[in-house]
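All values below were derived from every heavy atom in this structure, side-chain atoms included, with hydrogens, water molecules and symmetry-related copies excluded.
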Amino acid sequence: GDLVFTSPNKAVTTQTSSNTRSELRQMIRGLDTSIDTKSYGNNFALAAHRDAAYFDQIGGRLDATLKVNHVTINAKHPKKPAYSVVVGQIHAGKDKDLISEGNGFGYGNEPIKIYYKKWPNHDTGSVFWTYERNLAKEDPNRTDIAYPVWGNTWENPNDPITAGISLGEEFSYTIDVKGNVMHLTFSSATRKTVTYEINLTDNVDAYGKVDPKDNPNGYAGDWHHFKAGAYNQCSTQDSEGMWYAACAGTGDWQTDKANGDYTSVTFF
């Protein structure tokens with residue numbers, strides 16, 4: 001009765017990522033394939049979008065209850081994303097036409113990614129979420145800002161111990177975008193409920209402080225969709241840059257499973 005998403009470190013990836021994933025993408029159109037995947041009718045916008053009236057919906061809500069069964073344990077470079085998995089996100093659309101307008105939209109960034117990370121030698125893992133500054137890929141200020149939920153964010157290599165979430169421990173999240181504001185709720189039977197809210201149409205962060213490096217209009221001009229599942233953050237690519245942890249993997253599932261070179265998440 002559960003839905004298990006499994007993603008080995010080495011497998012097929014999308015053209016724009018070196019990370020494997022097993023996810024469901026929100027398809028507002030349902031089975032009506034006459035509506036293009038990237039069209040307004042299959043995605044949601046914020047209320048501030050100039051074409052808001054033409055979208056199928058303004059804002060949206062994603063609720064999930066899940067447990068992380070396993071995260072990869074072998075990384076040559078223990079960079080921030082190593083040993084972690086994204087279990088829910090909002091993805092803005094990558095849109096060349098929007099980029100060409102020069103208004104700061106269309107880059108395909110993510111206003112939220114929900115992470116679970118556990119170092120191999122730690123007793124428990126951490127749940128946190130990130131907001132990506134909505135900037136061009138080549139902009140050095142385009143980075144993910146991490147906010148803690150239970151345990152630590154990826155900047156902190158200490159074992160969260162009792163403050164963290166164990167593998168196999170159930171928790172829930174809600175991402176509720178109303179108008180222009182994203183409301184977040186994280187809950188667990190054994191942890192204090194954590195909430196955040198952030199306006200996605202300006203450059204004020206989730207703590208109420210102006211971020212001068214972010215797009216001043218946030219994600220107001222983008223179109224969006226939800227995704228949920230297991231987006232493995234342990235890339236097998238060995239390169240410079242924070243995303244390339246050179247995680248182990250052969251591409252043979254039985255071998256990689258035996259070696260712990262995969263991530264697995266169960267949704268209820």
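- Between the side chains of Asn217 and Asp202, no donor-acceptor pair is found at a separation under 3.5 Å.
- Under the rule for a salt bridge (charged side-chain N to carboxylate O under 4.0 Å, His left out), the partners of Lys227 that lie at least two apart in sequence or sit in another chain are Glu23.
- Partners of Asp95 by salt bridge (charged side-chain N to carboxylate O under 4.0 Å, His left out), not counting sequence neighbours: none found.
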* Output, in order, the C-alpha distance, side-chain angles, deciding distance and verdict of side-chain contact (heavy atoms from CB on, under 4.5 Å) for Gln233 and Val86. => CA-CA 7 Å; Gln233 297 297 288; Val86 169; 3.7 Å; yes

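- You'll find the ring centres of Trp129 and Tyr196 inside the 6.0 Å limit.
- With hydrogens and angles ignored, the 3.5 Å screen pairs a side-chain donor or acceptor of His122 with a backbone N or O of Pro157.
- Considering every non-hydrogen atom in both Leu24 and Leu3, the closest pair reads CD1-CD2, 4.2 Å.
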* To do: Please test Arg61 against Asp63 for salt bridge (charged side-chain N to carboxylate O under 4.0 Å, His left out), starting from the C-alpha separation and ending with a verdict.
  => CA-CA 7 Å; Arg61 176 169 171 155; Asp63 296 274; 2.8 Å; yes

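- Lys38 pairs by the salt bridge (charged side-chain N to carboxylate O under 4.0 Å, His left out) definition with nothing, not counting sequence neighbours.
- Residue-environment remark: CD (Glu155) exceeds the threshold of 12 foreign heavy atoms within 6.0 Å.
- A donor-acceptor pair shorter than 3.5 Å cannot be found between the side chains of Asn203 and Asn215.
- Judged by distance alone, the side chain of Asn103 and the main-chain N or O of Phe105 form no donor-acceptor pair under 3.5 Å.
- Aromatic rings from Tyr207 and Tyr147 are positioned such that their centres are separated by under 6.0 Å.
- Donor-acceptor pairing under 3.5 Å is lacking for the side chains of Asn109 and Arg133.
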* Asked: Are Asn259 and Asn74 close enough, and set up right, to give a side-chain hydrogen bond (donor to acceptor under 3.5 Å, both in side chains), and what steps lead you there?
  -> CA-CA 8 Å; Asn259 292 337; Asn74 300 302; over 6 Å; no

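- Judged as a salt bridge (charged side-chain N to carboxylate O under 4.0 Å, His left out), and not counting sequence neighbours, the contacts of Lys113 are Glu110, Asp144.
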Tabulate below the donor-acceptor pairs under 3.5 Å that side-chain atoms of residues 49-56 make, not counting sequence neighbours, or state none.
from: His49; atom 1: ND1; to: Asp51; atom 2: N; distance (Å): 2.9
from: His49; atom 1: NE2; to: Gly221; atom 2: O; distance (Å): 3.2
from: Arg50; atom 1: NH1; to: Glu101; atom 2: OE1; distance (Å): 3.1
from: Arg50; atom 1: NH2; to: Glu101; atom 2: OE1; distance (Å): 3.2
from: Arg50; atom 1: NH2; to: Glu101; atom 2: OE2; distance (Å): 2.9
from: Asp51; atom 1: OD2; to: Tyr40; atom 2: OH; distance (Å): 2.8

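- Shown here for Ala82 and Lys117, the closest heavy-atom pair between the two residues is O-CE, 3.0 Å.
- Within the structure, ring pair (Phe, Tyr, Trp, His ring centres under 6.0 Å) pairs that include any residue of residues 57-76 comprise His70-Tyr262 (at least two apart or interchain).
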* Asked: Under the side-chain contact (heavy atoms from CB on, under 4.5 Å) criterion, do Asn69 and Leu167 qualify, and how do the steps go?
  -> CA-CA 5 Å; Asn69 309 306; Leu167 288 171; over 6 Å; no

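- Note that CG of Leu46 and CD1 of Ile90 are 8.0 Å apart. Values are rounded to the nearest 0.5 Å.
- Applying the side chain to side chain contact (heavy atoms under 4.5 Å, CB included) rule to Thr124 yields the partners Asp159, Pro160, Ser166; only residues at least two apart in sequence or on another chain are considered.
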Please tabulate, for side-chain N and O atoms in residues 175-182, each donor-acceptor pair with protein atoms closer than 3.5 Å (sequence neighbours left out).
from: Asn180; atom 1: OD1; to: Ala47; atom 2: N; distance (Å): 3.0
from: Asn180; atom 1: OD1; to: Ala48; atom 2: N; distance (Å): 2.9

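- Taking the side chain as every heavy atom from C-beta outward, Thr193 and Ser187 approach each other to under 4.5 Å.
- Side-chain atoms of Tyr173 come within 3.5 Å of backbone atoms of Val87 as a donor-acceptor pair (strictly under, hydrogens ignored).
- For Ser100, there are no side chain to side chain contact (heavy atoms under 4.5 Å, CB included) partners at least two apart in sequence or on another chain.
- If you take OG1 on Thr20 and CG on Asn232, they are separated by 4.0 Å, rounding to the nearest 0.5 Å.
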Mind listing the side-chain donor-acceptor pairs of residues 242-251 below 3.5 Å, one per line with the distance, residues two or more places apart or on another chain?
from: Thr250; atom 1: OG1; to: Asp252; atom 2: N; distance (Å): 3.0
from: Thr250; atom 1: OG1; to: Asp256; atom 2: OD1; distance (Å): 2.9

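- No donor-acceptor pair under 3.5 Å is formed between the side chain of Ser17 and the backbone N or O of Thr14.
- You'll find the ring centres of Tyr131 and Tyr219 inside the 6.0 Å limit.
- In this structure, Glu197 CD and Thr185 OG1 are separated by 10.0 Å, a value rounded to the nearest 0.5 Å.
- Listed for the Tyr116 side chain is a donor-acceptor partner under 3.5 Å among the backbone atoms of Ile165.
- Formation of a donor-acceptor pair under 3.5 Å by the Ser188 side chain with backbone atoms of Phe171 is not found in this model.
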* Asked: Glu169 and Lys67: salt bridge (charged side-chain N to carboxylate O under 4.0 Å, His left out), yes or no, with the steps?
  -> CA-CA 5 Å; Glu169 185 174 353; Lys67 63 179 180 179; over 6 Å; no

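- In this structure, the side chain of Lys79 engages the main chain of Gly241 through a donor-acceptor pair within 3.5 Å.
- When all heavy atoms of Val71 and Lys118 are compared, the pair lying nearest together is CG2-O, 3.8 Å.
- A donor-acceptor pair is defined here as one N or O able to donate and one able to accept, closer than 3.5 Å; no such pair exists between the side chain of Trp150 and the backbone of Thr162.
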* To do: Given side-chain contact (heavy atoms from CB on, under 4.5 Å), test Lys137 with Arg142 step by step and report yes or no.
  => CA-CA 7 Å; Lys137 185 175 182 178; Arg142 175 182 174 264; 3.6 Å; yes

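- One distance of note links CG of Leu62 with CD1 of Ile112; it measures 9.0 Å at 0.5 Å rounding.
- Within the 3.5 Å criterion, the main-chain N or O of Thr37 finds a donor-acceptor partner in the side chain of Asn42.
- Of the possible polar contacts, one joining the Arg191 side chain to the Gly164 backbone as a donor-acceptor pair under 3.5 Å is found.
- Neither Leu200 nor Tyr107 shares a network with the other; the hydrophobic side chains, linked directly or stepwise wherever heavy atoms of I, L, V, M, F, W or Y lie under 4.5 Å apart, form separate groups for each.
- Taking CZ from Phe186 and OG1 from Thr174, the interatomic distance works out to 9.0 Å, rounded to the nearest 0.5 Å.
- Residues passing the ring pair (Phe, Tyr, Trp, His ring centres under 6.0 Å) test with Phe128, sequence neighbours excluded: Tyr115, Trp154.
- Between the SG atom in Cys234 and the CG atom in Asn19 there is a gap of 8.5 Å [rounded to 0.5 Å].
- Side-chain contact of Asp2 with Thr266: a donor-acceptor pair under 3.5 Å is absent, judged by distance alone.
- Note on Leu66 and Tyr83: separate hydrophobic clusters, where clusters join Ile, Leu, Val, Met, Phe, Trp and Tyr whose side-chain heavy atoms are under 4.5 Å apart, directly or indirectly.
- Pairs of residues two or more places apart, or lying in two chains, never qualify as disulfide bond (SG atoms under 2.5 Å apart) while including a residue from residues 129-197.
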